[in-house]
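Here is the structure we will look at.
Values reported hereafter were calculated over all heavy atoms of this structure, with side chains retained and with hydrogens, waters and symmetry mates removed. Everything numeric in this text was worked out from a predicted model, so none of it was measured.
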Amino acid sequence: MSSGRPDDTKSRSPRLYLVTPAVDDTRALSAALADALGAAAFAAVLLRLAPSDERTQINRIKAIVPVVQKSEAALILDGLPELVAKSGSDGAHITGAEEFVEAVEQLKPNWIAGAGGVFTRHDAMLAAEKSADYVMFGEPNERGHRQPFDDILDRVSWWAEVFQVPCVGYAAALDEVAPLTQAHADFIALGDFVFSDPARVAANVTAALQQIADADAVA
């Protein structure tokens, strides 16, 4: 997973990054993922897993790996850097700057190391200095809370203007996709809203693509 960022970031549309709900039923998720990945090209899928023992987690991941990698997207685990090599996934998304610093050596240089939960500029810069492959802004914390959306847009705009490390802007709802595009996020993470209705997964992805296209048209 790389940004492909050219010298002029404003000339490039963001790529899509899909975030799953917390998973315990991989069969149901596989069907929904196939719908989503068939509707658009995704750079990566962030797999969130419900708590369980290590063997169960590995089995869940291995059930999802072929679905994601068939589409040429990277499968990123939400945490669990110790399971990346064991499961055949492509990397891990580590929440919290200190946690990222502790985990990055398990991942680099063979796997993707993404940084999330970077709620201050200092934390984001620390993750970048420690070789994060991307930083994500706007994701909810473990209680489902997130920063005000205007603050998220400000952080994305600042990062895109100053830094070469790619940034992911987290869209918690469809109407956040266009503003994140205009803020020049390298990737836009589509959150749980994509999966809110199993019958509309592909339609939600298509709508997000249209939001990006519309934002690009007025840029």
Side-chain angles (χ1 to χ4, degrees), residues 1-6 9-10 12-21 36-37 40-48 68 71 73-79 81 89-97 99-100 103-104 107-108 111-121 123-141 146-147 149-195 205 208-209 211-212 215-216:
M1 178 181 175
S2 62
S3 70
R5 181 186 289 202
T9 59
K10 297 182 181 181
R12 182 181 177 86
S13 295
R15 300 184 67 192
L16 292 178
Y17 182 125
L18 185 63
V19 180
T20 77
L37 296 172
F42 283 85
V45 174
L46 179 62
L47 178 61
R48 298 166 58 205
V68 174
S71 73
L75 179 62
I76 311 297
L77 305 184
D78 187 15
S89 52
D90 298 297
H93 175 86
I94 308 300
T95 300
E99 291 81 358
F100 179 85
V104 67
L107 297 167
K108 304 294 286 190
W111 295 283
I112 295 167
V118 285
F119 299 118
T120 69
R121 294 190 178 197
D123 285 350
M125 290 188 289
L126 176 61
E129 290 171 1
K130 296 297 182 179
S131 301
D133 288 296
Y134 66 81
V135 294
M136 181 181 288
F137 298 114
E139 64 192 303
N141 64 18
R146 66 201 293 245
Q147 294 169 298
F149 189 58
D150 284 347
D151 292 349
I152 294 167
L153 291 177
D154 179 70
R155 193 62 50 82
V156 169
S157 296
W158 161 72
W159 190 269
E161 180 72 23
V162 176
F163 297 94
Q164 286 300 308
V165 174
C167 69
V168 182
Y170 184 97
L174 181 62
D175 62 6
E176 294 183 355
V177 172
L180 287 167
T181 300
Q182 293 170 334
H184 309 303
D186 296 288
F187 300 88
I188 293 179
L190 304 183
D192 286 359
F193 75 89
V194 169
F195 299 96
V205 172
L209 283 176
Q211 289 281 316
I212 292 172
D216 283 341

Donor-acceptor under 3.5 Å ([X] side chain, [Y] main chain):
X: Trp159; Y: Asp154; answer: no
X: Glu161; Y: Ser157; answer: no
X: Asp90; Y: Ile76; answer: no

Identify, with sequence neighbours excluded, every residue that meets side chain to side chain donor-acceptor pair (under 3.5 Å) alongside [X].
X: Arg155; result: none
X: Asp192; result: Arg48
X: Thr181; result: none
X: Asp78; result: none

[X] side chain near [Y] side chain, heavy-atom distance below 4.5 Å:
X: Leu16; Y: Phe187; answer: no
X: Ile212; Y: Leu180; answer: no
X: Leu46; Y: Leu77; answer: no
X: Ser89; Y: Trp111; answer: no
X: Pro21; Y: Phe195; answer: yes
X: Thr20; Y: Val45; answer: yes

Starting from the C-alpha separation in whole Å, work towards a yes-or-no answer on ring pair (Phe, Tyr, Trp, His ring centres under 6.0 Å) for Tyr17 and Tyr134.
CA-CA 12 Å; Tyr17 182 125; Tyr134 66 81; 5.6 Å; yes
With Tyr170, which residues qualify under ring-ring contact (aromatic ring centres under 6.0 Å, His included), at least two apart?
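Tyr170: no ring-ring contact (aromatic ring centres under 6.0 Å, His included) contacts found.
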Considering all heavy atoms of both residues, which atom of [X] and which atom of [Y] are nearest to each other, and what is their separation?
X: Asp186; Y: Pro166; result: OD2-CA, 3.3 Å
X: Leu190; Y: Val194; result: CB-CG2, 3.6 Å
X: Ala40; Y: Leu209; result: CB-CD1, 3.5 Å
X: Ala127; Y: Ala115; result: CB-CB, 3.6 Å
X: Ser71; Y: Leu37; result: OG-CD1, 3.7 Å
X: Phe137; Y: Cys167; result: CE1-CB, 3.9 Å

Residues that Asp151 engages under salt bridge (Lys or Arg N to Asp or Glu O under 4.0 Å), provided they are two or more places apart:
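Partners of Asp151 by the salt bridge (Lys or Arg N to Asp or Glu O under 4.0 Å) criterion come out as none, since no residue qualifies.
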Parallel, tilted or perpendicular, as decided by the 30° and 60° cut-offs, for the rings of Phe163 and Trp158
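The arrangement is perpendicular - the two ring planes meet at more than 60°.
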Straight-line distance of His184 NE2 to Leu153 CG, nearest 0.5 Å:
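One gets 11.0 Å once the value is rounded to the nearest 0.5 Å.
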Rounded at 0.5 Å granularity, tell me how far CZ in Phe42 sits from CG in Leu75.
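So the gap between those two atoms works out to 13.5 Å.
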Hey, mind stepping through Val118 and Met136 against side-chain contact (heavy atoms from CB on, under 4.5 Å) and telling me if it holds?
CA-CA 7 Å; Val118 285; Met136 181 181 288; over 6 Å; no
Using side chain to side chain contact (heavy atoms under 4.5 Å, CB included) as the criterion, list what pairs up with [X], not counting sequence neighbours.
X: Ala36; result: Leu18, Val201, Val205
X: Pro81; result: Ala92, Ile94, Ala103, Gln106, Leu107
X: Asp175; result: Ala173

Whether over 12 other heavy atoms sit under 6.0 Å from Lys108 NZ
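It does: Lys108 NZ has more than 12 such atoms within range.
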Does Glu176 come within less than 4.0 Å of Arg146, counting only side-chain N to carboxylate O?
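So Glu176 pairs with Arg146 through a salt bridge.
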Between the side chains of Glu139 and His93, does any donor sit under 3.5 Å from an acceptor?
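There is such a pair (donor and acceptor under 3.5 Å, judged by atom type) between the side chains of Glu139 and His93.
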